[in-house]
Structures are given as C-alpha cells and as structure tokens.
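Any value given below was found using the heavy atoms of this structure, including those in side chains, with hydrogens, waters and symmetry copies removed. First listed ligand is number 1; within each ligand, the first listed atom is number 1.
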Amino acid sequence: VDSAKLQGSGPLDSPELDLLITGGDVFTLDPQFTVVRGGSVGISEGKIAGIWSRDDMPQGTACEVLDVTGSAVLPGIVNAHTHIAGCVFRGVLEDYSGSGLYDVAFPFEQRLAREDIALLARLGIAEVLRGGCTTINDIYYYPDILASVIEETGMRAILANKVFDAELPLIAAGKYERNLDAGRQRLSDNAGLIEKWNGRAGGRITCRVGAHATDTCSRSLLKEAGQLAEQSGVGLHIHVAQSSVEVDYTVNAYGRSPVHLLGDLELLGPSTVVVHCTWVDDDDITLLATSDTHYVCCPVIYPRRGYFPPLQKIVSKGIITGFGTDWIRMDPWDGMRQAVNAVRMLTRDPRAISAQDVLSRSTREAAKTLGLDKEIGSLQVGKKADVIVVNLQQSHIQPFYGAAAGLVYTVGSGDISTVVVDGVIIVREGRCLTVDLEGTLREVARRVPGYAGAMFSKGPPIPATNG
Ligand SMILES: [Zn+2]
C-alpha cells in the first residue's frame with residue numbers, strides 16, 4: 001500500500017525534533033505494510049514523533065537532519081534468537097561431519113573465559129548492527145558480560161542465562177548425567193541477572209529466564225525455571241525439539257515429546273518463546289497453538305544441516321512467529337532468503353511465502369513474539385525510535401522498484417548505513433560508533449590459534465593468548 005498522505009501520523013504544527021531522517025522510501029512495516037515514498041521520519045525524545053510524505057512535511061526544527069534520498073528506511077530488525085558470542089564457531093561447524101552442537105560446541109563453549117565472551121560479544125554486536133539488528137534475544141554463558149556490552153554499544157537486548165543441569169560434553173556419547181547443584185547455580189545466576197539488569201540502560205535491557213532445552217534441563221529444573229520466570233514477571237526462552245537427540249531423550253525418559261513435556265509442566269503460554277521446533281509433529285503444533293505459545297524460527301541455520309522446521313504449518317495454525325539468526329553467521333537478510341527458499345522447496349509452491357512475509361517476521365512479528373510489539377518492530381508514531389537506513393545505491397541492489405522483494409532478495413549485512421536505537425545514532429555511514437572494531441579484530445586474531453587448538457580437544461584450558 002502506497003500512501004501519499006498518512007492521516008493522523010504525527011503532529012503537523014511546529015514539531016521540535018531531535019532527528020529527522022528524510023528523503024528515503026519509508027517501509028513502516030505497519031500491519032497494512034504502508035510505504036511512504038520520499039518520506040520523512042521525525043524522532044523526538046527517543047520516540048517516533050511523526051512520519052510524513054513530501055507533501056505534508058510540517059514546519060519545524062530538528063537538531064540533526066539526515067538526508068537519505070535514494071535509501072530505504074525501516075524499523076530495526078528484531079533478532080528473536082541469538083547466541084552472539086557463538087560467532088566463535090564461524091567456518092568450523094558448518095561442514096563438520098558429526099554433530100557440531102554436541103561434539104564440538106557443547107564441550108568447547110563451556111570453557112570460554114569471561115574475557116573471551118566479552119571479546120566475542122563485541123565482535124558479534126558489531127556484526128548484527130551492520131546487519132540492521134537493533135534488538136537481540138540472547139541466551140548464553142555470562143549474560144552479565146553481554147549486558148555490559150549492550151549498555152556500552154547502545155543496542156537493545158533481552159538477555160537470559162544458559163541454564164541446564166546435564167553434563168553437556170557427555171551427551172555426544174548418549175549419556176545424560178545431571179549435576180543438579182550446577183543447574184540450580186545457573187538458575188540462581190539468572191535470577192541475579194534479572195535483579196541487576198532487567199529494565200536497565202534506559203529500558204534497553206530486559207531479561208528472560210533461559211532454560212536451555214528440554215533434554216539439557218531436568219524436569220525439576222524446567223519447573224523451577226518456570227517458577228522464577230513467573231515470580232520475576234519475565235518470560236521463558238527455551239530451545240525445543242531442536243534435534244532428534246533431544247526428542248529421543250524426552251520420549252525415552254518421560255514418554256512425552258519435548259512440546260508435550262512443557263505442556264505437562266505448565267510452561268507453555270504467550271510469555272514462553274520456543275525456538276526451533278524442528279522435530280515437531282501435528283499434535284505438538286496443535287498444543288503450541290492452543291496454548292498461545294510464541295515461536296522463533298532461525299531459517300539461516302537449518303538448510304545446511306539438511307532439514308527445516310514445518311514453518312508454514314506452524315504459521316497456518318496462527319502461532320505467533322518471528323525470525324532469529326541463532327549463531328555463527330548472524331545476517332538476518334540471509335535468513336529471510338533461506339526461509340523463502342526452504343518453504344518454496346518443501347511446498348513446491350512459490351506462493352507459499354513472500355518477501356513481505358519474511359520481512360514482517362524479522363521486524364513486527366518478531367517483536368510480537370517477544371511481547372514487545374507495543375514498543376518496537378514497526379515505524380509508527382509513539383513507538384521507540386529503532387530505525388535503520390539501507391543504502392540502495394549499490395550494484396547488487398539497483399535497479400530498485402520499491403517493493404519488499406527489492407530489499408529481501410538483495411540486501412545483506414554491510415548495506416546498512418545508519419542504525420538508530422532509542423533515537424540515538426549508533427551506526428553512521430556504515431561505521432559502528434560504539435565498537436572499536438579494529439581493536440576487536442586485532443584481539444580476535446591474537447586468540448584464534450588458541451581457539452583452534454582447543455576446539456577439537458577436550459578439557460581446559462583455552463589459552464588466552466598465543467604469540
Ligand atoms: Zn540457539
């Protein structure tokens with residue numbers, strides 16, 4: 001829907017703005033998918049004060065005017081599932097012949113030191129910002145470190161600890177041994193995270209309880225995680241049916257699928273975000289729908305593993321669904337394209353999914369999945385000013401005819417020129433102002449030999465420096 005004039009879209013007399021982004025095609029991602037050609041987005045006190053077409057620009061003043069003629073202006077991408085520091089595995093797990101998750105990642109990542117997480121978090125944040133993500137929903141080790149990095153980089157994040165009580169390195173050998181004390185400690189750390197960080201950094205940081213998965217947490221730990229989430233008034237963030245190993249475990253141990261196990265424990269509902277659901281059946285999907293549980297799909301990672309969750313079935317049941325990138329390579333645009341490719345191949349129907357669908361699932365619908373749709377996910381007056389500008393003047397994007405398809409099939413990380421969070425510019429002319437990228441890259445290079453040496457060997461330590 002093109003709209004020459006947005007009725008009632010903002011104050012029309014003498015606004016005083018902090019920032020005016022003007023001249024671009026504004027993809028509002030509102031429910032009508034309104035696009036304003038050559039429009040302007042006015043920002044005041046961290047919020048969107050108005051969206052105007054060229055003809056109804058009000059008189060007024062702005063502290064800063066960004067002329068983005070020839071660009072597209074969108075709401076920031078809401079990346080609904082990440083492990084930011086998991087970028088450490090780039091180029092290592094993708095072609096690994098075994099289970100990269102169980103054989104390599106689980107034993108290795110537990111041995112990363114706090115300094116490693118801080119370094120990798122900066123690297124990953126720089127990456128997702130260049131991809132246009134303004135919000136991440138992360139679950140990983142040392143979330144308090146990521147919280148500090150989020151605070152200093154100006155991003156928005158929902159953070160959770162990785163809570164589990166299985167001895168992760170043993171799962172690759174088919175063994176589930178529990179360390180209940182360690183599980184309770186991790187849950188207690190998550191409670192500490194909520195107490196210290198929920199609502200901090202001007203509200204940019206909120207928290208969830210991160211129960212890792214239905215097999216890596218015992219039933220009692222899952223139950224306690226649910227209780228903590230309820231007491232704290234935050235939601236649950238959990239991987240569900242992410243592997244056949246996980247499904248086999250819950251079926252053998254409890255006679256229930258992962259989804260039904262969560263149903264038994266009364267952990268399903270709108271404040272619970274379930275991720276992956278790769279190995280679910282129709283019965284599971286029905287339970288997710290009837291319980292109004294929210295779902296995150298990470299299309300970028302599945303095809304290269306040779307499978308894809310039943311996304312179209314899940315969506316057709318009315319389950320609120322947003323996209324995330326998970327880890328390793330966190331380019332949301334790549335994920336949108338993978339979703340289109342996979343769904344069309346599985347259904348053999350090119351009409352089964354569109355560019356508009358996947359762009360919505362990466363913005364407005366992702367925000368809804370996280371319960372944040374009143375605040376972020378679209379460019380609408382009164383919402384928080386999380387805005388990105390896509391530079392369209394590039395050989396791989398032109399000619400641009402103005403449709404969502406012209407963005408989804410061409411744009412990638414690095415094409416984002418400007419990122420605004422809470423009305424503050426944190427990426428300008430493609431440079432992330434809040435991360436010392438050169439210094440971060442130097443330090444990463446210094447640590448690569450240590451990571452490489454430790455990746456396929458068991459036991460501590462990971463050398464912090466090498467050469
Ligand atoms: Zn994950």
Side-chain angles (χ1 to χ4, degrees), residues 77-90 92-94 96 99-110 112 117 120-121 124-125 127-128 131 133 135-143 146 157-164 166 168 171 186 190 207-217 222 225 235-247 258-259 262 272-280 293-305 307-309 311 314 321-332 334-335 338-339 361-362 366 369-370:
I77 304 284
V78 178
N79 192 337
H81 179 70
T82 60
H83 315 284
I84 286 292
C87 56
V88 71
F89 295 114
R90 285 200 238 274
V92 173
L93 298 186
E94 294 92 330
Y96 183 68
S99 163
L101 181 65
Y102 294 102
D103 296 354
V104 183
F106 277 0
F108 174 83
E109 57 191 2
Q110 251 183 306
L112 288 165
I117 297 287
L120 295 165
I125 292 295
E127 180 198 2
V128 294
C133 298
T135 299
I136 54 167
N137 181 37
D138 202 273
I139 163 174
Y140 212 56
Y141 296 93
Y142 304 123
L146 182 55
I158 304 97
L159 303 175
N161 195 24
K162 178 172 171 175
V163 177
F164 58 95
L168 297 186
I171 297 178
R186 292 182 187 110
N190 203 140
C207 299
R208 280 183 174 259
V209 175
H212 177 259
T214 63
D215 62 336
T216 56
C217 296
L222 288 169
L236 204 60
H237 182 181
I238 182 167
H239 299 93
V240 176
Q242 66 173 329
S243 70
S244 54
V245 172
E246 179 190 349
V247 177
V259 171
L262 293 180
T272 295
V273 166
V274 296
V275 185
H276 300 322
C277 294
T278 318
W279 307 90
V280 292
T293 303
H294 295 187
Y295 168 62
V296 177
C297 184
C298 300
V300 76
I301 62 164
Y302 310 123
R304 70 170 170 252
R305 293 183 184 170
Y307 52 68
F308 202 82
L311 175 62
I314 290 172
T321 299
F323 285 175
T325 59
D326 216 339
W327 59 355
I328 303 184
R329 168 85 170 134
M330 296 171 285
D331 180 344
D334 206 7
Q338 297 271 23
R361 299 213 178 279
S362 307
T369 304
L370 301 175

* With Asp326, which residues qualify under side-chain hydrogen bond (donor to acceptor under 3.5 Å, both in side chains), at least two apart? -> His81, His83, His276
* Asked: Are Arg329 and Glu94 close enough for a salt bridge, meaning some N to O gap below 4.0 Å?
  -> no
* When rounded to the nearest 0.5 angstrom, what distance separates OG1 in Thr369 from CZ in Phe323? -> 10.0 Å
* To do: May I ask you to determine how many protein N/O/S atoms are under 2.8 Å from the Zn ion (ligand 1)?
  => 4
* To do: Return the set of residues passing side-chain hydrogen bond (donor to acceptor under 3.5 Å, both in side chains) with Thr325 (not counting sequence neighbours), or none when no residue passes.
  => Asn79
* Only counting residues at least two apart or in another chain, list the ones meeting side-chain hydrogen bond (donor to acceptor under 3.5 Å, both in side chains) with Asp215. => Tyr176
* Geometric class of the His212/His239 ring pair [parallel <30°, tilted 30-60°, perpendicular >60°] -> tilted
